Structures are given as structure tokens and as C-alpha cells.
Amino acid sequence: MTTLAQLTGALTRLDRELVYTSEDFSRIARFMHDATGIRLTEANERMVYARLANRVQDLGFDSFAAYVDKATTSGDERDRLISCLTTNTTHFYRESYHFDFLAQTVLPELAGRARSGERIRIWSAGCSTGEEAYSIAMCLLQGFPDAASHDVKILATDIDRTVLARAATASYPPGSLREVPKPLLDTCFEPVPGTDHRTPRAHIRAMVTFRPLNLIEPWPFRGQFDAIFCRNVAIYMDAQTQEHIWTGFHRVLRPGGHLFIGHSERLSPALKGSFTIVGNTIHRRNADPASGR
Ligand SMILES: C[S@@+](CC[C@H](N)C(=O)[O-])C[C@H]1O[C@@H](n2cnc3c(N)ncnc32)[C@H](O)[C@@H]1O
């Protein structure tokens, strides 16, 4: 059993000791795996305590066991538990080489197709608080300023409704903006009054739609995407779940469409032949040789 004393330093607001056992951690890890595909190992035991202890106490429980009983049976608390245990770290222009590739290699073709009347869709899967999706929108509008007058849209999804609410508010602190190229800070953002935050200008925000979506559940799409960004999401999942998600991306990307994954992520060996590597963690979707689609 881990006691509060052993976890000193992780928390300051607790006013009583909470019972937290290895069995409690195992139940939470099983729940997270089944609900989200995220794999928690013993190395995460303290992190789980640190992220949940205040909530357990606020609900009046003395033990994690009682909290887990509630969280795994109540819809709202289930969402809250998932929100507490997902890692939402992100910032604008993270892994900026992806945006260079988008601007230089992908965008000219997309702009041509959009101008000839085709529908263009880009998906930010696991978008967290929205910086990735808005960075894509800024990149598009820079190279293709009339994008909004064509059928061009960005879908941004996440399992965590708390981060989606922040994405819709779109108020970003300086730390989140640290990699935004200087000239864009003024042209693409405006100040949020009374704060040191900035928000993307309205025409940029208008290009992005945020929706809740769990990547390990069936996806509701009818059409295909021209590009998918799913970066620093699969890294938290086991190999089987990753393969399931990569296979799904192959299905919903049009042939020739691009998949951007995180710097420490790799497509599963089973996907060899389905994609061609065209840049650092950038993959182009190959057509199926039998159907040509
Ligand atoms: C580290 S953030 C990555 C944000 C952004 N893509 C980036 O690279 O900066 C990972 C996001 O994946 C989301 N996530 C985790 N499991 C998910 C799932 N099963 N379905 C959808 N989103 C998930 C988390 O809620 C979190 O916001």
C-alpha cells in the first residue's frame, strides 16, 4: 500500500490520508486501457495518485477503491477520470517541420484541388487544447489565403471534453505561443483583453470544428481525409491499439493523402506497404494495388 507519507511532495492540499493500493492502481490501469487504449505501467503509479488524490478527497472518499467504484459506473465521473489521466501537453507549431512540409509539399496540390471544386478535409486526431489544429489553419491560410471561400475544413477531435472546451475558448498563454514565427503573432492572433493571452483571429478559428471522438471506438466518417495529424497520441498506447488506429487512418485517408505522426512514434510493421515514408514521421498513403483505391 502506498501512503500519503510516501508520496510527500506530490500534493499539498490533502487534509487526510487516502488509502491507495496496488490493486486500486491495477483497476484504474485496466479501466484506462479498456476505455481509451492508454497503457499505464507500474512507473505511472505515483502519477495516478498525484493526479487523482484531490478529486478523491473532494468527493469525500477515504480510499481510492471507493472512488474507482464510482468513477467506473458514473458517466460524468468516468469522463473526469479520463480527463485527469490523459496527457494533454501541446503548443503551437510543435514539431514545426511538419508545418514546413504541409506548406511546401502538400498545400500547393490541395489548393489546386480546392480551387477546382474538390472538398478538402484535414483531421487533427488527439488535438488536445487546439494548438495543432489552429497551426494547421494558419499554415493553410498563409499559402492559400482564399481557402475559406472553398470547401476546405479542419476537423479536430479528442477524447477529453475538458481540453475541447479550452480549444473552443482559444485563449492561449505565452508558453503555448513560444514557437509561433514572430510575424504571425500579430497577423494571426489578437490579444485577449485583461490577460497576457492571445487568440487566433476569427477567420482562423472559423476553419476548425472541434468534436469529441474516442480513437478506439468506431469513427463516424463517410468521406475521406486529405491529411491526418495524429501526433503524440499513440505513444501512450499499446502496440495492438496503435496498429488498429494506423489501419483506421489508412482506411479514411484518400490515396496520396498524408499522415503526420509524433517524433517518437513509428507505424506498425503490418502497415509496411500501406504507406510510403516521405519525410521525418510523414507518411503518404499508398493506393491499394488490387482496387487502385
Ligand atoms: C499529448 S496530447 C497531443 C496533442 C497534439 N496532437 C500534439 O502533438 O501537440 C495527446 C492527446 O491525445 C488524447 N487522447 C488520448 N487517448 C485518446 C483516445 N483514445 N481518443 C482520442 N484522443 C485521445 C488526449 O486526451 C490528449 O489530448
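None of the values given here were measured: they were computed from a predicted structure. Every number for a ligand or one of its atoms is a count from 1 in the order of the listing.
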Kindly indicate, with the supporting measurements, whether the criterion ring pair (Phe, Tyr, Trp, His ring centres under 6.0 Å) is fulfilled by F221 and W123.
CA-CA 11 Å; F221 309 128; W123 181 15; 4.8 Å; yes

With hydrogens left out, which residues have an atom under 4.0 Å from ligand 1, given that only heavy atoms count?
T36, I38, T86, T87, N88, T89, T90, R94, G126, S128, E132, D158, I159, D160, L213, N214, L215, R231, N232, V233, M237

Aromatic rings Y172 and Y134: how do their planes relate, parallel, tilted or perpendicular, breaks at 30° and 60°?
perpendicular

Can you list everything that forms a ring-ring contact (aromatic ring centres under 6.0 Å, His included) with H283? Sequence neighbours excluded, please.
none

Distance-only side-chain donor-acceptor flag, D146 / S149, under 3.5 Å
no

What's the verdict on side-chain hydrogen bond (donor to acceptor under 3.5 Å, both in side chains) for E45 and Y20, showing C-alpha distance, side-chain angles and the deciding distance?
CA-CA 10 Å; E45 213 168 315; Y20 177 53; 5.1 Å; no

No-hydrogen, no-angle side-chain donor-acceptor test under 3.5 Å, H98 and T281:
yes

